[in-house]
Student: 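One structure, pasted below without further comment.
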Amino acid sequence: MDNNYTLQTVERAIAFMEYVAGAATPPNIRDVSAALDLNITTCYHLLRTLVAKQYIERNDRGGLEIGIGIEALIRGYQRFQDVEKSLSEIVKRLAAETLESAVFSRREGDNVILKVLVEGSHRLRVSGLSVGLQGNEHQRASGKVVLAHLDQDSRTAMLEQSLAQLPEKQRKTILKALEKELPLIVDRGWASDEQTEQGIIAICAPLFDSMGVIFGAIGIVTPTFRLENSRDKFLGAIQTAAADANALLKKLTVG
């Protein structure tokens with residue numbers, strides 16, 4: 001599938017709303033038509049749809065303004081910001097308790113994306129570890145913990161994308177190994193990954209939304225020798241952080 005494929009009608013509707021939202025004074029339909037270089041008939045079709053959904057409304061003078069329907073999008077966006085801000089505080093506490101770099105990654109479609117990275121007192125220099133990191137979900141601890149808790153169709157879709165660039169023989173080997181590993185991850189409540197860099201290991205626990213759907217992962221990245229010396233402490237801290245994060249997500253992701 002072409003990931004760059006977009007729907008022209010949706011693009012035009014979004015452009016319509018953006019123009020109205022950014023206008024210094026409420027524009028009329030002809031202003032929108034001229035500004036977006038759209039046929040006036042097309043603009044009327046878009047307007048009828050946007051008015052019906054209450055994303056656009058007409059004022060007493062016939063000018064176009066953003067309608068109350070946009071409030072649902074604003075609330076959703078604000079809730080998303082609140083979730084990341086609140087989880088950031090838990091990630092900071094995890095880093096402070098373990099003295100290791102702590103991370104929060106979120107599932108977005110078929111990717112698991114690193115959203116929050118807090119350096120511990122023992123600063124790491126792990127190649128490629130930065131906010132925005134995604135891909136190779138079959139290797140990364142955060143990716144594997146999400147894969148372990150996905151329904152079969154969603155798991156297949158994520159793995160197809162993650163493994164797309166690998167030879168078929170290698171894909172089959174990885175899938176066979178994951179068939180055994182993913183149920184173990186569910187049972188023990190965390191996933192690990194030593195693929196980050198030689199001598200470095202990531203450990204992550206799952207996070208769920210208010211409906212019990214896998215939301216992301218929280219954990220730490222540490223040298224293997226420090227994990228060997230503090231394994232129980234680290235796992236306990238990660239599980240406590242995950243419990244706190246899940247309690248928070250149960251409240252913040254309702255509705």
Side-chain angles (χ1 to χ4, degrees), residues 1-87 104-116 130-137 143 146-147 150-165 209-216 249 252-255:
M1 184 179 76
D2 182 0
N3 291 328
N4 294 318
Y5 177 77
T6 59
L7 290 174
Q8 186 181 60
T9 303
V10 176
E11 288 183 335
R12 288 174 171 176
I14 292 172
F16 194 118
M17 287 191 292
E18 289 178 341
Y19 179 76
V20 172
T25 59
N28 59 41
I29 191 68
R30 295 192 179 280
D31 294 330
V32 177
S33 176
L36 301 182
D37 193 24
L38 291 177
N39 180 280
I40 190 69
T41 302
T42 298
C43 282
Y44 273 114
H45 287 317
L46 292 171
L47 178 60
R48 280 195 292 270
T49 301
L50 293 170
V51 168
K53 294 298 182 181
Q54 296 185 299
Y55 287 133
I56 296 290
E57 60 184 30
R58 292 179 185 270
N59 62 25
D60 293 340
R61 297 183 178 181
L64 305 178
E65 300 177 352
I66 292 298
I68 61 173
I70 206 73
E71 290 181 358
L73 301 181
I74 295 172
R75 287 196 301 270
Y77 177 77
Q78 187 60 56
R79 186 168 65 243
F80 174 83
Q81 297 301 312
D82 290 344
V83 165
E84 288 210 359
K85 182 178 179 181
S86 298
L87 290 178
F104 157 61
S105 297
R106 179 171 181 168
R107 178 199 173 197
E108 294 186 5
D110 294 331
N111 291 111
V112 179
I113 304 173
L114 178 57
K115 293 291 186 177
V116 179
S130 60
V131 172
L133 175 67
Q134 61 182 295
N136 293 318
E137 279 76 16
V146 168
L147 283 165
L150 287 175
D151 62 79
Q152 188 58 56
D153 288 344
S154 297
R155 179 185 298 167
T156 297
M158 183 174 286
L159 283 171
E160 284 181 352
Q161 178 167 292
S162 181
L163 301 171
Q165 303 303 315
D209 66 16
S210 60
M211 300 298 291
V213 177
I214 188 67
F215 183 86
L249 285 168
L252 294 178
T253 59
V254 175

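It should be emphasised that the depicted structure is a prediction, and the values quoted were computed from it without experimental measurement.
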Student: Check whether any side-chain heavy atom of R48 sits under 4.5 Å from a side-chain heavy atom of H45, and report yes or no.
Tutor: yes

Student: Please name all residues satisfying side-chain hydrogen bond (donor to acceptor under 3.5 Å, both in side chains) with D37, sequence neighbours left out, ordered by chain then number.
Tutor: none

Student: Taking only residues two or more places apart in sequence or in another chain, which ones pass side-chain hydrogen bond (donor to acceptor under 3.5 Å, both in side chains) with S154?
Tutor: D151

Student: G143 and V112: which non-hydrogen atoms are nearest, and at how many Å?
Tutor: CA-CG2, 4.0 Å

Student: Could you list the donor-acceptor pairs under 3.5 angstrom formed by side chains in residues 59-68, with sequence neighbours left out?
Tutor:
from, atom 1, to, atom 2, distance (Å)
N59, OD1, R61, N, 2.9
N59, OD1, G62, N, 3.0
N59, OD1, G63, N, 2.7
N59, ND2, E65, OE2, 3.2

Student: Say you draw a straight line from CD1 of I113 to CZ of F104; how long is it, rounded to the nearest 0.5 Å?
Tutor: 10.5 Å

Student: With side-chain hydrogen bond (donor to acceptor under 3.5 Å, both in side chains) as the rule and sequence neighbours excluded, what pairs involving residues 16-32 come up?
Tutor: none

Student: Is the side chain of S33 donor-acceptor paired with the backbone N or O of L38 at a distance under 3.5 Å, no angle test?
Tutor: yes

Student: Is R107 salt-bridged to E137, going by a charged N under 4.0 Å from an acidic O?
Tutor: no

Student: What pair of heavy atoms forms the shortest contact from G135 to N111, and how long is it?
Tutor: N-ND2, 4.1 Å

Student: With sequence neighbours excluded, what pairs up with N39 under the side-chain hydrogen bond (donor to acceptor under 3.5 Å, both in side chains) test?
Tutor: T41

Student: Nearest 0.5 angstrom please: L147 CG to L159 CG, how far?
Tutor: 4.5 Å

Student: For the residue pair Y55 and L73, establish whether any side-chain heavy-atom pair is separated by less than 4.5 Å.
Tutor: yes

Student: Flag the pair M17 / L50 as yes when at least one side-chain heavy-atom distance between them is below 4.5 Å, and no otherwise.
Tutor: yes

Student: Please find the pair of heavy atoms, one from D110 and one from M158, that lie closest to each other, and give the distance.
Tutor: O-CG, 3.4 Å

Student: Only counting residues at least two apart or in another chain, list the ones meeting side chain to side chain contact (heavy atoms under 4.5 Å, CB included) with Q152.
Tutor: R155, T156

Student: Contact between I29 and F16 at the side-chain level, heavy atoms closer than 4.5 Å - yes or no?
Tutor: yes

Student: Of all residues at least two apart in sequence or in a different chain, which pass the side-chain hydrogen bond (donor to acceptor under 3.5 Å, both in side chains) check with R58?
Tutor: none

Student: Around atom CD of E11, are there more than 12 heavy atoms from other residues, nucleotides or ligands closer than 6.0 Å?
Tutor: yes

Student: Taking the side chain as every heavy atom from C-beta outward, state whether F215 and L87 have any pair of such atoms under 4.5 Å apart.
Tutor: yes

